[in-house]
2 protein chains.
Amino acid sequence: MNKVSKTSNFSTYHIFFRNLANPLKIRIISALEEKESSVSDLTYQLKVEQSKISHALALLKKCNIVKSEKKGKERIYSLNKKTIIPLLKMIDEHSKSFCNCKECRGCGK
Amino acid sequence: MNKVSKTSNFSTYHIFFRNLANPLKIRIISALEEKESSVSDLTYQLKVEQSKISHALALLKKCNIVKSEKKGKERIYSLNKKTIIPLLKMIDEHSKSFCNCKECRGCGK
DNA sequence: TATTCATATGAAAAGTATTTCATAGGTATT
DNA sequence: AATACCTATGAAATACTTTTCATATGAATA
């Protein structure tokens with residue numbers, strides 16, 4: 001394995017990026033960027049069924065994109081901003097540098 | 001849509017991160033980090049069927065992770081290092097900060 | 001221009017991830 | 001301790017991605 005993967009490995013990348021390749025999880029990340037929320041908060045804000053939110057959060061937590069803490073019967077989720085915000089900004093920059101036409105979103109045309 | 005997504009959008013993230021959530025595409029990225037290569041080079045280096053490589057490269061190109069130029073009947077692919085190298089390094093850092101046990105690769109335990 | 005080499009592409013099959021739905025496990029409240 | 005509320009979880013169904021395989025396109029060469 002070469003440079004980029006010395007310290008990490010393919011599975012790590014896979015489990016991490018899978019989350020970011022999913023629109024619902026990105027919506028959750030966006031919501032948590034604004035303010036930490038409980039599962040039911042997210043359910044209400046995003047108008048998405050509770051178990052979808054829970055399943056998604058479980059995967060996000062697995063690679064530490066979010067963390068949670070108990071608060072009574074609720075569970076408050078918050079974004080691990082340190083990595084994720086700069087990372088998404090990088091992609092924003094990246095795609096701004098290239099084509100962003102409606103059809104393809106980054107075709108390079 | 002909120003902060004992170006002002007300049008980008010869910011589709012952009014999706015198409016971009018989908019690539020990085022795929023082991024073969026990560027292998028291709030790793031190979032191209034070392035040196036630019038033609039499709040048949042990659043086919044040989046990675047011991048992977050040609051059409052798999054081509055399909056993968058097409059998706060990587062779609063969001064400008066790689067670019068290509070013609071050279072006779074070959075097509076030389078190279079990595080758009082500016083974004084991708086720092087980005088992968090960020091994930092390496094991120095997962096180093098957390099658990100990295102064999103079973104879960106980032107469970108937070 | 002026929003042939004060969006390199007790459008791309010379409011579509012069905014195979015593989016993988018998410019969604020759905022029913023239900024279970026905690027915690028607070030009565 | 002019964003009930004209500006909040007969240008998690010398992011498994012089947014659905015949706016999505018990648019792989020496979022056959023073939024097409026395009027460039028070089030004999």
Side-chain angles (χ1 to χ4, degrees), chain A residues 10-29 31-32 36-63 65-78 104-109, chain B residues 10-29 31-32 36-63 65-78 104-109:
Chain A
F10 296 156
S11 307
T12 307
Y13 291 140
H14 180 83
I15 190 177
F16 191 95
F17 289 122
R18 172 155 68 109
N19 282 311
L20 304 178
N22 180 280
L24 173 58
K25 298 204 197 88
I26 289 285
R27 294 218 295 147
I28 291 174
I29 287 168
L32 294 180
E36 54 177 36
S37 307
S38 70
V39 175
S40 46
D41 283 348
L42 289 168
T43 299
Y44 178 74
Q45 283 176 247
L46 306 181
K47 305 274 176 277
V48 165
E49 198 211 342
Q50 180 263 315
S51 80
K52 277 178 79 168
I53 301 283
S54 283
H55 279 298
L57 285 168
L59 290 168
L60 287 168
K61 194 176 178 183
K62 197 153 197 165
C63 59
I65 292 177
V66 304
K67 54 184 180 302
S68 72
E69 51 178 302
K70 280 186 183 169
K71 186 188 169 193
K73 53 190 167 184
E74 291 188 330
R75 201 167 285 254
I76 307 299
Y77 281 87
S78 57
C104 66
R105 309 194 180 288
C107 61
K109 264 186 242 163
Chain B
F10 295 155
S11 307
T12 306
Y13 291 138
H14 179 82
I15 189 176
F16 190 97
F17 289 121
R18 174 155 66 110
N19 283 312
L20 304 179
N22 181 281
L24 173 60
K25 298 202 196 91
I26 288 284
R27 294 217 296 148
I28 291 174
I29 288 168
L32 294 180
E36 54 177 38
S37 308
S38 69
V39 175
S40 46
D41 283 349
L42 289 169
T43 299
Y44 178 74
Q45 284 177 244
L46 305 181
K47 305 275 179 277
V48 165
E49 196 209 343
Q50 179 263 319
S51 81
K52 277 178 78 169
I53 301 283
S54 283
H55 278 299
L57 285 168
L59 289 169
L60 287 168
K61 194 176 179 183
K62 195 154 198 166
C63 58
I65 291 175
V66 304
K67 54 186 183 300
S68 72
E69 50 177 306
K70 281 185 184 171
K71 186 189 169 191
K73 52 189 168 186
E74 293 189 329
R75 201 168 285 254
I76 307 298
Y77 281 86
S78 56
C104 67
R105 308 194 182 287
C107 61
K109 265 184 242 161

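So that the names make sense, note that chain A is the first sequence line, chain B the second, and so on, each numbered from 1.
- Shown here are the side-chain hydrogen bond (donor to acceptor under 3.5 Å, both in side chains) partners of Ser78(B), two or more places apart in sequence or in another chain: there are none.
- In this structure, Arg75(B) contributes its side chain and Ser38(B) its backbone to no donor-acceptor pair below 3.5 Å.
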Along nucleotides 24-30 of chain C, 5' to 3', which nucleotides get a B, which get an S, and which get a -, given that the test is a protein heavy-atom distance under 4.0 Å?
-> ---BS--
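- The side-chain hydrogen bond (donor to acceptor under 3.5 Å, both in side chains) search around Gln50(B) returns Ser54(B), not counting sequence neighbours.
- Rounded to an integer number of Å, the gap from Ile15(B) CD1 to dC16(D) C1' is 14 Å.
- Between Tyr77(A) and dA8(D), a side-chain N or O to OP1/OP2 separation shorter than 4.0 Å is present.
- Looking at Leu42(A) and Leu57(A), their side chains come closer than 4.5 Å, going by heavy atoms from C-beta outward.
- Applying the side-chain contact (heavy atoms from CB on, under 4.5 Å) rule to Ser51(B) yields the partners Glu49(B), His55(B); only residues at least two apart in sequence or on another chain are considered.
- For the OP1/OP2 pair of dA8(C) and a distance below 4.0 Å, the side-chain nitrogens and oxygens of Arg75(B) include at least one atom meeting the criterion.
- One can place CD1 of Ile53(A) at 16 Å from P of dC21(C), the figure rounded to the nearest angstrom.
- For Thr43(B) against Val48(B), the heavy-atom pair with the smallest separation is CG2-O, 3.0 Å.
- In terms of phosphate contacts, Ser40(A) brings a side-chain nitrogen or oxygen within less than 4.0 Å of OP1 or OP2 of dT7(D).
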Between the protein and nucleotides 17-20 of chain D, which nitrogen or oxygen pairs come in under 3.5 angstrom?
from    : atom 1 : to       : atom 2 : distance (Å)
dT17(D) : OP1    : His14(B) : NE2    : 2.6
dT18(D) : OP1    : Asn22(B) : ND2    : 3.3
dT18(D) : OP1    : Lys25(B) : NZ     : 2.8
dT18(D) : OP2    : Arg18(B) : NH1    : 2.7
dT20(D) : O4     : His55(B) : NE2    : 3.1

Extract all donor-acceptor atom pairs below 3.5 Å that involve side chains of residues 66-73 of chain B and protein atoms in other chains or at least two apart in sequence.
from     : atom 1 : to       : atom 2 : distance (Å)
Ser68(B) : OG     : Lys61(B) : NZ     : 2.8

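- Under the side-chain contact (heavy atoms from CB on, under 4.5 Å) criterion, Asn19(B) pairs with Lys25(B), Leu59(B), Leu60(B), Cys63(B), Ile65(B), sequence neighbours left out.
- Atom CG of Leu42(B) is separated from atom P of dA6(C) by 14 Å (rounded to the nearest Å).
- Rounding to whole angstrom units, CG of residue Leu57(B) and C1' of dT9(C) are separated by 14 Å.
- At a cut-off of 3.5 angstrom, counting only N and O atoms as typed in the model, there is no donor on one side facing an acceptor on the other between the side-chain of Gln50(B) and the base of dA6(C).
- Listed pair Ser54(B) / dT9(C) fails the phosphate criterion, with no side-chain N or O lying under 4.0 Å from OP1 or OP2.
- For the side-chain hydrogen bond (donor to acceptor under 3.5 Å, both in side chains) test, residues two or more places apart in sequence or in another chain that qualify with Ser37(B) are Gln45(B).
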